[in-house]
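As structure tokens, the structure follows; a few thoughts come after it.
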Amino acid sequence: QFSSNLENVFKKIRGHGKLSESNISDATREIRRALLEADVNFKVAKDFIEKVKTKALGDDVLRSISPGQQIVKIVRDELSALMGDDSGDMHLSGSPAIIMLVGLQGSGKTTSAAKLAMQLRKQGRRPMMVACDVYRPAAIKQLETLGKQIDIPVYSNHQEKDVLKIAETAIKESVRFSADTVIIDTAGRLTVDSAMMDEIKNLKTRLSPKEILFVGDGMTGQDAVATAQAFSDVVQFTGVILTKMDGDARGGAALSIKAVTGIPVKFLGMGEKIQPLEVFHPSRMADRILG
Amino acid sequence: FTGQIPMSEEILDTLEALLIEADLGMDLAMELIEDVSKHFPISTPVTSKNVLEYLQKKLIQKLEKTNIKEVNVHGTKVVLVVGVNGSGKTTSIGKLATLYANEGKSVLLVAGDTFRAAALEQLTIWSERAGVEIIKNQAATHPASVVYDALVSAKTRNIDVVIIDTAGRLHTQTHLMDELEKVHRVVKKVFTDAPHETILVIDATTGQNGLHQAEEFSKSTPIDHLFLTKLDGTAKGGIALAIHNKLDIPVRYVGLGEKASDMDYFNPTLYIKALLD
Ligand SMILES: Nc1nc2c(ncn2[C@@H]2O[C@H](COP(=O)(O)OP(=O)(O)OP(=O)(O)O)[C@@H](O)[C@H]2O)c(=O)[nH]1
Ligand SMILES: Nc1nc2c(ncn2[C@@H]2O[C@H](COP(=O)(O)OP(=O)(O)OP(=O)(O)O)[C@@H](O)[C@H]2O)c(=O)[nH]1
Ligand SMILES: [Mg+2]
Ligand SMILES: [Mg+2]
């Protein structure tokens, strides 16, 4: 779709040899439309297009017999390069290794915690989950239910309201659960809720999780940048899980978050069913964003 | 900018950025910018005040073009709540239940999410908070059967308002959209002119995919109003404007937090003022 639109822009100028400024501006308008429709942040899209413009005005394109194809290639390559590598590696040192999930309300943290637990077990680790959402109605029950479904131990305390106490006790108990990895599910929170942002800052300071994953909804629009930036400022997350990517959201948030925080998307949530998360592939994401 | 300066492409670009960053989408943003540039041709002396006031006026006009569907129901009013996963349906139902209970109405909640872990427990807690009844059937194989039984009971007992919670679903999941269509048909079996209000719950952080959501959900069950949630966050929720503009589905309610009282009726003027801030 995007590449054919771009091809059409250049079909008009075939045989004229050199690309003009207006050809390039027509092309960049097409690129911008694709990025914005894919929910790439406005400012991120602007910076990206500047990069592409510079490369597009380079010799290889100007002398190419199919400048449209060249530009599509530049856009695709630049997008993949910007979104980082496809390693999906997590920092799992520590005894136990501690992973903490954070994000806005409803983004898919609790579900992703269970998915993460399942894939870690498949990789030969012995994970347990900790229910640190003491606010949402039946949140603890939700994690306990998922734990039972996949036969992964869950530490919870229905009476305790201090999430740090819950987490610290869980980590102490990890030996008893013979678990080598502790996955902490936290409550959804707004970046403008300073008390709640302090809560995760405190958890980070006191528990020193080696892996903090920001769980973001794949259909997030322009707000992805402000939200990711705020979470990064408070807990310096080390990776991103983009959820609900089994839908048809183009996922421009993947580019926006990486561009603004420098942190790569590591995994994609591809359904409600508890199954291992999909490892993020920048080139596949680039194609998806370009539509 | 302060004081009078000539209208320029630069000012139009700034306005475009403002609208796109609020998630209005390119189509609606460009339509509005076109309008502004016709009203204030390039190099016309303008102040930021009169440009923004004009834009505000145009946006409010757009929002007021479709009235909310005020249904006076003699008998039971049936409200169906739908939307994608995690948008805020169950919580919004808790808020609506509280609203109706405070008006002295008898309310019945229907646990139509027979799938997700602890969905029933979550809605049950909300029914307790609102002081209203809930009908559930944990053995149900299809939400339509829970809905049918609940509506038959509501009819016999002359319940004022029935609010049906449904499972989150992506509009790309055909079998789930078929499931929703079946729920809609079953509602009509018990009350021929129901659902009296079908609410699509939309998270304010949603990007352009929100348009697809509204379009596709409308195919399974006609949507009357939007409930725009999580407006207490940093997102502007402009996708609701794009949906209203394209599909004539107005926002009726807004979610402003996680407590029962954290909702309000949508106020176009207040909303647009906050958007253009
Ligand atoms: N289709 C789809 N649904 C998902 C995915 N991940 C989570 N969900 C669904 O999204 C909804 C919200 O998921 P939760 O795990 O409860 O989200 P959360 O971030 O823990 O929510 P809070 O704790 O309230 O902030 C549920 O209906 C999940 O089943 C995914 O990758 N694909
Ligand atoms: N800040 C804020 N949070 C909200 C609002 N509405 C809902 N939430 C939160 O969003 C999360 C998801 O809400 P739910 O009511 O479970 O959403 P749902 O659409 O029923 O989710 P599924 O049934 O899993 O599809 C919960 O943590 C709610 O507390 C709102 O207006 N503001
Ligand atoms: Mg949760
Ligand atoms: Mg729900």
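These numbers come from a predicted model, not from an experiment.
Note that the CG atom of B/Asn209 and the CG atom of A/Asp39 stand 7.5 Å from one another [nearest 0.5 Å]. Taking CZ of A/Phe42 as the start and CG of B/Asp23 as the end, the distance is 12.5 Å to the nearest 0.5 Å. With values rounded to the nearest 0.5 angstrom, A/Ser107 atom OG is found 9.5 Å from B/Asp203 atom CG.
Test A/Arg136, A/Arg189, A/Gln105 against B/Glu258 for side chain to side chain contact (heavy atoms under 4.5 Å, CB included) and you get one pass: A/Gln105.
With a 4.5 Å cut-off on side-chain heavy atoms, A/Gln142 and B/Gln122 do not count as touching. Residues B/Glu21 and A/Lys43 form a side-chain contact, since some pair of their non-hydrogen atoms from C-beta on lies under 4.5 Å apart. The shortest distance between side-chain heavy atoms of B/Leu170 and A/Met219 falls below 4.5 Å. Proximity of B/Thr205 to A/Asp217: side-chain heavy atoms (C-beta onward) are nowhere separated by under 4.5 Å. Proximity of A/Arg33 to B/Asp27: side-chain heavy atoms (C-beta onward) are separated by under 4.5 Å at one or more points.
In the model, A/Asp248 has no side-chain atom that pairs as donor or acceptor with a side-chain atom of B/Thr172 under 3.5 Å.
Proximity to chain B involves both the backbone and the side chain of A/Asp246, based on heavy atoms less than 4.5 angstrom apart. With a 4.5 Å cut-off on non-hydrogen atoms, A/Leu104 touches chain B through its side chain but not through its backbone. Contact annotation for A/Thr220: both backbone and side-chain heavy atoms come within less than 4.5 Å of a heavy atom of chain B. Both the backbone and the side chain of B/Glu121 have a heavy atom closer than 4.5 Å to some heavy atom of chain A.
Counting non-hydrogen atoms of neighbouring residues, nucleotides and ligands closer than 6.0 angstrom, the CE atom of A/Met196 exceeds 12 such neighbours.
Across B/Gly238, B/Ala204, B/Ala235, the residue that shares the most heavy-atom pairs under 4.5 angstrom with chain A is B/Ala235. The residue among A/Lys141, A/Glu37, A/Glu144 with the most heavy atom pairs within less than 4.5 Å of chain B is A/Lys141.
Here A/Glu272 does not pair with B/Arg169 in a salt bridge; the nearest charged N to carboxylate O distance is not below 4.0 Å.
Among all heavy-atom pairs drawn from A/Ala138 and B/Ile125, the shortest one is N-CD1, 3.7 Å. Residue B/Thr234 comes nearest to A/Asp223 through the heavy atom pair OG1-OD1, 2.6 Å, listed as atom of the first residue, atom of the second, then distance.
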